[in-house]
Amino acid sequence: MKLHHGDWQALICPEQGAAFSSLQWHGHDVLVPKPEGARHPGSYGAFWMLPWANRLDGGRIAGLAMPINRAEEGTAIHGLARDRPWELVNAASDQVVLQQQLTFAPFDYTARLTVLLDVHGVLMEMILRHEGAAPAPYGMGWHPWFTRSAATSLHLNATQRANHNMRGLPENVTPCTGIAADEAGLIGLDNFFAGWDGVARLVTPAGTITLTATGDFAAGVQVYAPPTQPVICVEPVSHMPDAPNCPALGAAAPMRLLAMDQTLYGTIRLTAA
């Protein structure tokens with residue numbers, strides 16, 4: 001599904017987790033484009049993480065075990081939504097509204113996503129509603145794969161940094177001021193930052209991309225810059241990785257226990273200059 005407005009163009013795949021296959025500004029790739037013939041999820045575009053974000057140790061949550069999809073780590077990673085189709089609710093040349101309903105104990109939810117391209121850039125809105133009789137813990141996030149080069153730098157303010165072990169799980173939290181780093185200072189990061197003000201600026205050769213998160217998306221940000229790929233992931237998320245299984249650390253950004261008809265809500269805005 002193609003969207004366009006002014007200098008922005010996007011390609012979204014409702015049948016593949018409502019993922020972005022591409023996002024361009026002024027003809028420049030903001031996100032790593034999906035390779036021809038590939039399917040989501042992968043190390044390209046951007047996908048949605050719900051009803052939890054990042055990793056759960058052993059898949060454990062609410063006394064149940066989610067499917068392990070990172071076998072080498074023994075973790076359940078990035079939720080359930082990215083592997084399932086979303087239903088088209090409404091569409092125009094510059095906007096799409098998608099919905100996903102899922103029952104997978106302890107989760108019973110309806111998620112509603114709106115993506116709008118306008119004069120300011122890209123606006124994404126997510127409403128995640130719990131519809132089960134028993135309360136359940138919920139989280140959500142957005143996982144973009146931004147292009148990265150030697151000229152890339154990232155700037156964001158935060159008050160705490162979670163340091164992760166070899167399995168990608170948090171093991172301690174230390175005070176910090178955030179990130180102000182060029183590519184050399186970014187490579188190797190795979191860390192969660194709490195006390196984030198909801199704004200991140202990614203400076204690229206094509207211009208500066210500003211990401212602004214509100215609501216539950218602004219609870220924290222995961223930054224991932226692998227040494228083996230020219231990408232950087234700046235992921236607005238509602239909670240720390242593995243928060244249900246490390247409550248002392250997870251208190252910096254816990255998952256939320258939702259009763260029936262309670263919601264998580266947030267927006268993500270991308271602008272460029």
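Computed from a prediction, not measured in an experiment: that's the story for all the values here. The residues of the chain are indexed from 1 along the displayed sequence.
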List the atom of D190, the atom of H164, and the distance in Å for their closest heavy-atom pair. O-ND1, 3.2 Å
dist F217:CZ -> W196:CH2 (nearest 0.5 Å) comes out at 10.0 Å
Rounded to the nearest 0.5 Å, what separates atom CD in E125 from atom CD1 in I268? 11.0 Å
Where A162 and P170 come nearest, the two heavy atoms and their spacing: CB-CB, 4.3 Å
Is the shortest heavy-atom distance from the side chain of L169 to the side chain of E171 under 4.5 Å? no
Is there a side-chain contact between V199 and N157 (heavy atoms, below 4.5 Å)? no
Report yes or no: do W52 and F47 belong to one cluster of Ile/Leu/Val/Met/Phe/Trp/Tyr joined by side chain heavy-atom distances under 4.5 Å? no
Run the side chain to side chain contact (heavy atoms under 4.5 Å, CB included) check on R161 and F192 step by step: do they pass? CA-CA 6 Å; R161 167 176 165 160; F192 174 82; over 6 Å; no
Any residue meeting salt bridge (charged side-chain N to carboxylate O under 4.0 Å, His left out) with R201, in chain and number order, not counting sequence neighbours: none
Which atom pair, heavy atoms only, marks the closest approach of H130 to A134? NE2-O, 2.7 Å
Test item: S149 side-chain N/O and A151 main-chain N/O as donor-acceptor pair under 3.5 Å: yes
If you define the side chain from C-beta out and look only at heavy atoms, does anything of N191 sit under 4.5 Å from V223? no
Look up atom CZ in R256 and atom CG in L264, then write down how far apart they are to the nearest 0.5 Å. 5.0 Å
Check the hydrophobic clustering (I, L, V, M, F, W, Y; side-chain heavy atoms under 4.5 Å; chains of links allowed) and say if M255 and M260 are grouped together. no
Using a 3.5 Å cut-off and no angle test, enumerate the donor-acceptor pairs between side-chain atoms of residues 227-252 and protein atoms at least two apart in sequence or in another chain.
| unit_1 | atom_1 | unit_2 | atom_2 | d |
| --- | --- | --- | --- | --- |
| E235 | OE2 | H143 | NE2 | 3.3 |
| S238 | OG | M140 | N | 2.9 |
| S238 | OG | M140 | O | 3.4 |
| H239 | NE2 | A53 | N | 2.9 |
| D242 | OD1 | D57 | N | 2.8 |
| D242 | OD1 | N245 | ND2 | 2.6 |
| N245 | ND2 | R60 | O | 3.1 |

Check the pair R112, L128 against side chain to side chain contact (heavy atoms under 4.5 Å, CB included), reporting the backbone distance first and the verdict last. CA-CA 7 Å; R112 188 177 181 92; L128 177 58; over 6 Å; no
Have T152 and T204 got a donor and an acceptor in their side chains that come within less than 3.5 Å? no
State the CG-CG distance between N172 and N163, to the nearest 0.5 angstrom. 4.5 Å
To the nearest 0.5 Å, tell me how far L50 CG sits from F107 CZ. 10.0 Å
Shortest non-hydrogen contact from A272 to I209? CB-CD1, 3.6 Å
Before you tell me yes or no, could you show the steps for N90 and Q95 under side-chain hydrogen bond (donor to acceptor under 3.5 Å, both in side chains), namely the whole-Å CA-CA distance, both residues' side-chain angles and the distance that decides it to 0.1 Å? CA-CA 8 Å; N90 196 8; Q95 178 175 301; over 6 Å; no
Using modelled atom types only, decide if a donor and an acceptor are shared between the side chain of W86 and the backbone of A111 within a distance under 3.5 Å. no
Tell me which donor-acceptor pairs under 3.5 Å the side chains of residues 74-85 have, and how far apart each pair is, sequence neighbours excluded?
| unit_1 | atom_1 | unit_2 | atom_2 | d |
| --- | --- | --- | --- | --- |
| T75 | OG1 | E73 | OE1 | 2.9 |
| R84 | NH1 | L80 | O | 3.0 |

For a side chain to side chain contact (heavy atoms under 4.5 Å, CB included) check, start with the C-alpha distance between L202 and R148, then their side-chain angles and the critical distance, and finish with the verdict. CA-CA 9 Å; L202 191 65; R148 191 190 84 210; over 6 Å; no
Do Q160 and T174 get their side chains close enough for a donor-acceptor pair, meaning under 3.5 Å? no
Start with the C-alpha distance between W142 and M49, add both sets of side-chain angles, then the distance that settles side chain to side chain contact (heavy atoms under 4.5 Å, CB included), and finish with yes or no. CA-CA 6 Å; W142 187 57; M49 300 179 285; 5.7 Å; no
Partners passing salt bridge (charged side-chain N to carboxylate O under 4.0 Å, His left out) against D197 (at least two apart in sequence or in another chain): none
Would a single hydrophobic cluster contain both F193 and V173, if residues Ile, Leu, Val, Met, Phe, Trp and Tyr are joined by side-chain heavy-atom contacts under 4.5 Å? no
Counting only pairs under 3.5 Å, give me each side-chain donor-acceptor contact of residues 14-25, with atom names and distances, residues two or more places apart or in other chains.
| unit_1 | atom_1 | unit_2 | atom_2 | d |
| --- | --- | --- | --- | --- |
| Q16 | OE1 | H40 | N | 2.8 |
| S21 | OG | H40 | NE2 | 2.8 |
| Q24 | NE2 | D29 | OD1 | 3.1 |

Quick one: do L113 and L102 end up in the same hydrophobic cluster if we chain Ile, Leu, Val, Met, Phe, Trp and Tyr together by side-chain heavy atoms under 4.5 Å apart? yes
Should L98 and E87 count as side-chain neighbours, where that means a heavy-atom distance under 4.5 Å? no
Side chains of Q222 and N54 in contact at under 4.5 Å (non-hydrogen atoms): yes
Regarding Q262 and Y138, do their side chains bring together a donor and an acceptor under 3.5 Å, going by distance alone? no
Below 3.5 Å, can you tabulate the donor-acceptor pairs from side chains in residues 1-12 to any protein atom, sequence neighbours excluded?
| unit_1 | atom_1 | unit_2 | atom_2 | d |
| --- | --- | --- | --- | --- |
| D7 | OD2 | H26 | NE2 | 3.2 |

Pick one: which of T147, V32, L31 meets side chain to side chain contact (heavy atoms under 4.5 Å, CB included) with Y44? V32
Does the side chain of P137 come within less than 4.5 Å of I61's, by heavy atoms? yes
Shared ILVMFWY cluster between L56 and L257, side chains joined below 4.5 angstrom? no
Between V30 and F146, is any pair of side-chain heavy atoms under 4.5 Å apart? yes
Test item: M66 and F104 side chains (from C-beta on) under 4.5 Å apart, heavy atoms: yes
Do the side-chain N and O atoms of Q101 and D108 include a donor-acceptor pair separated by under 3.5 angstrom? no
Consider side-chain hydrogen bond (donor to acceptor under 3.5 Å, both in side chains). Of R129, Q100, E131, which one does T110 pass it with? E131
Would you compute the distance between atom CG of L154 and atom CG of D182 and round it to the nearest 0.5 angstrom? 11.0 Å
